[in-house]
Peer 1: 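I am attaching a structure below and will ask some questions about it afterwards.
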Protein chains: 2
Amino acid sequence: MVTINDIAKEAGVAKSTVSRYLNNGSVSADTRRKIDKIIEKTGYTPNNFARSLKAQKTNMIGVMIPRLNSASTNEVLEGIDEMTRKLGYQLIITNSDQNNEREFENIQTLAKQKVEGVIMFARELTPEHIDTVKKTGTPFLFIGQKAEGIHSIIHQDYQAGAKIGTYAIELGHRHFLYVGVPEKDRAVGVERRQGFLDAVRPVNGSTVEKIESDFSRTSAYQKALAFLPKTEATYIVCATDNIAVAVLKAAKDLGYSIPEDFSLSGFGGYEATAYVSPTITTVSYPYREMGLEAVKKLVRLIGKEEVPNISEMGNELVINQSTAYFDKI
Amino acid sequence: MVTINDIAKEAGVAKSTVSRYLNNGSVSADTRRKIDKIIEKTGYTPNNFARSLKAQKTNMIGVMIPRLNSASTNEVLEGIDEMTRKLGYQLIITNSDQNNEREFENIQTLAKQKVEGVIMFARELTPEHIDTVKKTGTPFLFIGQKAEGIHSIIHQDYQAGAKIGTYAIELGHRHFLYVGVPEKDRAVGVERRQGFLDAVRPVNGSTVEKIESDFSRTSAYQKALAFLPKTEATYIVCATDNIAVAVLKAAKDLGYSIPEDFSLSGFGGYEATAYVSPTITTVSYPYREMGLEAVKKLVRLIGKEEVPNISEMGNELVINQSTAYFDKI
DNA sequence: TGCTTTAGAGGAACCGGTTCTGTTGATTAG
DNA sequence: CTAATCAACAGAACCGGTTCCTCTAAAGCA
């Protein structure tokens with residue numbers, strides 16, 4: 001590897017001069033030209049490690065995601081990437097594969113890497129998570145879940161659930177099937193559902209059947225195949241767009257028509273909902289903006305500025321073809 | 001920040017002792033206990049930079065992707081992530097947003113970061129790319145495209161195209177519409193198409209109309225809306241699954257039935273093709289395996305082992321519901 | 001008991017940069 | 001003409017680790 005010493009030696013100057021050349025200036029035109037040429041020739045690039053070591057600043061931000069193949073995660077990531085670059089930071093992305101052990105590991109790894117802050121896509125949050133995070137002393141920002149004493153940025157999941165509930169009731173539906181996800185994910189598994197339930201329950205004669213899937217399409221598809229024939233629901237609420245796409249597919253494969261036999265909706269606002277037939281009604285979340293906000297907020301945290309503990313992102317009901325009036329009342 | 005010096009001072013030992021404690025051993029049980037306690041108390045984590053600086057080894061691998069919201073990229077990334085972790089490396093992911101300038105920038109950034117090797121998802125490859133890469137002196141591996149003098153791992157795109165061509169001819173189709181992507185992406189834009197054309201052209205009376213989209217669904221959807229009504233084709237070949245999903249949607253919106261009015265196929269084997277109706281015939285690519293292979297190959301390159309210049313991954317025709325015999329001959 | 005071996009620890013050098021201090025020769029002000 | 005100023009550069013210290021060399025005291029051996 002070519003180092004600053006090699007450059008200095010070859011140019012016949014002190015390495016401090018080369019360093020000055022690389023940074024602020026105060027180098028004569030003559031020396032400048034000499035160094036220029038040698039760097040060009042050798043293809044020298046300064047070692048960022050050595051730099052960071054002295055500067056006590058790594059300019060790196062860590063991101064921890066639960067899995068790589070999630071549309072929502074990737075949209076947030078795009079936002080993070082954009083803002084990160086804009087603010088002059090470098091991203092280190094680690095994947096935990098939805099595995100708690102690997103999350104702990106990754107928190108450690110990022111700490112060793114001396115990233116200046118970490119954005120973590122939270123799923124299930126155990127006390128051990130909170131503990132590990134606090135021990136690092138590194139600024140942390142959770143995305144998607146809130147936790148005592150740690151800054152976070154979340155969706156208004158309860159409100160999103162309520163929007164769907166209210167909308168479905170307005171359409172005249174009274175019998176619902178809720179395809180949910182495990183409660184370990186509080187935001188999606190509990191709050192989103194609760195918002196829906198609270199909007200629907202007060203209405204006379206309403207019923208809600210519940211089944212639980214995970215976040216994968218295969219699981220939702222299987223559950224739907226088994227459950228659709230025996231439900232009395234006229235409206236199927238899916239906890240995510242992915243689940244909705246899978247349930248739609250299952251319904252079609254069983255010979256049902258959407259929205260004639262069932263109305264159907266998801267949450268998220270993924271592109272996929274617009275490229276199936278019928279297009280799926282959903283609540284659209286501002287993923288990209290969330291990524292932008294997350295980085296801005298983290299950077300303020302790094303700079304030890306005052307930042308509100310919890311930020312919430314809004315969302316918006318998007319009515320598509322998969323939902324219709326229940327006119328057989 | 002807590003450093004090894006702080007630990008040493010507090011324990012009343014030399015920092016070399018603490019270092020030995022952290023690494024190989026040769027520390028008395030007594031001292032070990034003392035240091036143990038202090039590290040626990042202070043939450044000390046060794047600074048990887050300082051370590052790398054001395055060790056001349058960063059244990060980092062850089063990955064450069066063109067965009068974050070691509071299903072195929074993410075599947076390859078999963079494979080990369082898995083193998084990377086297995087072999088004890090740390091991933092730095094940079095996104096170039098399909099922008100050449102940013103690719104050059106990122107190559108520089110990764111070089112400064114002193115990653116031990118880089119896996120780059122190649123799109124358009126200009127001489128400047130090759131040049132920039134070679135100048136870094138860092139081991140590089142291209143995914144998806146080959147380039148003179150740089151190692152790469154690619155799909156058998158020509159063969160994949162030929163598979164679709166042969167299959168469509170067997171079904172009795174003679175008139176084709178090829179929805180392609182720009183030729184700047186040689187693998188997808190040229191070779192995949194050429195494989196198809198070479199399989200189809202020799203057949204008597206066959207015709208191929210061509211339109212060009214980009215990799216986005218919106219673009220493909222718009223083009224299809226305009227073009228489907230006037231084509232004489234009975235089989236639509238889409239250069240990617242994403243395009244196929246969009247064309248399917250457009251066809252439905254125009255009132256066509258698939259495969260009754262048109263047969264339709266894609267390339268890639270994304271999950272999405274299985275969750276639309278009808279399911280889409282495609283060629284399935286081993287993305288995850290490609291990621292695994294890529295890291296293995298790169299690590300061999302880093303270790304200066306002999307590695308074949310180009311590795312090819314196979315692929316497999318997956319027949320689904322979107323293609324049918326053309327029986328009106 | 002005396003000599004050799006070895007475990008455990010300290011000290012210094014080193015990795016590749018940045019930055020502070022000091023020196024020198026030329027330029028400018030008085 | 002002398003004193004003050006300044007640009008340009010050299011040299012040394014430092015960042016937080018690792019590692020090599022050296023020293024000492026205890027253990028092993030004859």
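Naming: A, B, ... by sequence-line order, numbering from 1 per chain.
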Peer 1: Would you classify Y44(B) as touching base, sugar-phosphate or nothing, given that sugar-phosphate means primed atoms plus P, OP1 and OP2, and contacts are heavy atoms under 4.0 Å?
Peer 2: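 Sugar-phosphate contact only.
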
Peer 1: Any base atoms under 4.0 Å from N23(B), or only sugar-phosphate, or nothing? Heavy atoms, all strands.
Peer 2: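 It contacts sugar-phosphate atoms only.
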
Peer 1: May I ask you to test the V188(A)-H155(A) pair for a side-chain heavy-atom distance under 4.5 Å?
Peer 2: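 Not touching, per the 4.5 Å side-chain cut-off.
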
Peer 1: Is there a side-chain polar atom (N or O) of S28(A) under 4.0 Å from OP1 or OP2 of dC9(D)?
Peer 2: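 Result: yes.
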
Peer 1: Testing N74(A), T73(A), I80(A) one by one against V76(A) for a side-chain contact (heavy atoms from CB on, under 4.5 Å), which residue passes?
Peer 2: I80(A)

Peer 1: Between V13(A) and N5(B), which residue's closest nucleotide on DNA chain D lies nearer the 5′ terminus?
Peer 2: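 Result: V13(A).
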
Peer 1: Parallel, tilted or perpendicular for F140(A) and F142(A), by the 30°/60° rule?
Peer 2: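 Because their plane-to-plane angle is over 60°, the rings of F140(A) and F142(A) count as perpendicular.
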
Peer 1: Taking only side-chain nitrogens and oxygens of T17(A), does any of them come within less than 4.0 Å of OP1 or OP2 of dC9(D)?
Peer 2: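 No, no such contact exists.
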
Peer 1: Please say which of S96(B), S72(B), P66(B) ends up in a side-chain contact (heavy atoms from CB on, under 4.5 Å) with F121(B).
Peer 2: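 The option that passes is P66(B).
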
Peer 1: Using a 4.0 Å heavy-atom cut-off across all strands, classify V18(B) as base, sugar-phosphate, or nothing.
Peer 2: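 Contact class for V18(B): none.
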
Peer 1: Could you give me the CA-CA distance, side-chain angles and deciding distance for E40(B) and K135(A), then say whether salt bridge (Lys or Arg N to Asp or Glu O under 4.0 Å) is met?
Peer 2: CA-CA 10 Å; E40(B) 171 67 18; K135(A) 239 183 207 156; 3.5 Å; yes

Peer 1: Check the distance between dT18(D)'s C1' and I4(B)'s CD1 and give it to me in whole angstrom.
Peer 2: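 In whole Å, dT18(D) C1' lies 8 Å from I4(B) CD1.
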
Peer 1: Any base atoms under 4.0 Å from V27(A), or only sugar-phosphate, or nothing? Heavy atoms, all strands.
Peer 2: sugar-phosphate

Peer 1: Please work out if S52(A) contacts a base, only the sugar-phosphate, or nothing of the nucleic acid, heavy-atom cut-off 4.0 Å.
Peer 2: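 It contacts nothing in the nucleic acid.
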
Peer 1: Would you classify S19(A) as touching base, sugar-phosphate or nothing, given that sugar-phosphate means primed atoms plus P, OP1 and OP2, and contacts are heavy atoms under 4.0 Å?
Peer 2: base

Peer 1: dC20(D) P sits how many Å from K15(B) NZ, rounded?
Peer 2: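 Atom-to-atom, K15(B) to dC20(D), this comes out as 16 Å.
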
Peer 1: Walking along DNA chain C from 5' to 3', note the first and the last nucleotide with an atom under 4.0 Å from a heavy atom of chain A, and give both.
Peer 2: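 For DNA chain C, the relevant span reads dG16(C) to dT19(C).
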
Peer 1: Can you name the nearest heavy-atom pair linking K297(B) to S152(B), along with the distance?
Peer 2: NZ-O, 3.0 Å

Peer 1: Output the rounded distance in Å from OH (Y21(B)) to C1' (dT18(D)).
Peer 2: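 Interatomic distance, OH of Y21(B) to C1' of dT18(D): 17 Å.
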
Peer 1: With side-chain hydrogen bond (donor to acceptor under 3.5 Å, both in side chains) as the test, pick out the partner of R123(B) among Q145(B), E103(B), H129(B).
Peer 2: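 Passing option: E103(B).
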
Peer 1: If you find the nucleotide of DNA chain C closest to N47(A) and the one closest to S26(B), which residue's nucleotide is nearer the 5' end?
Peer 2: S26(B)

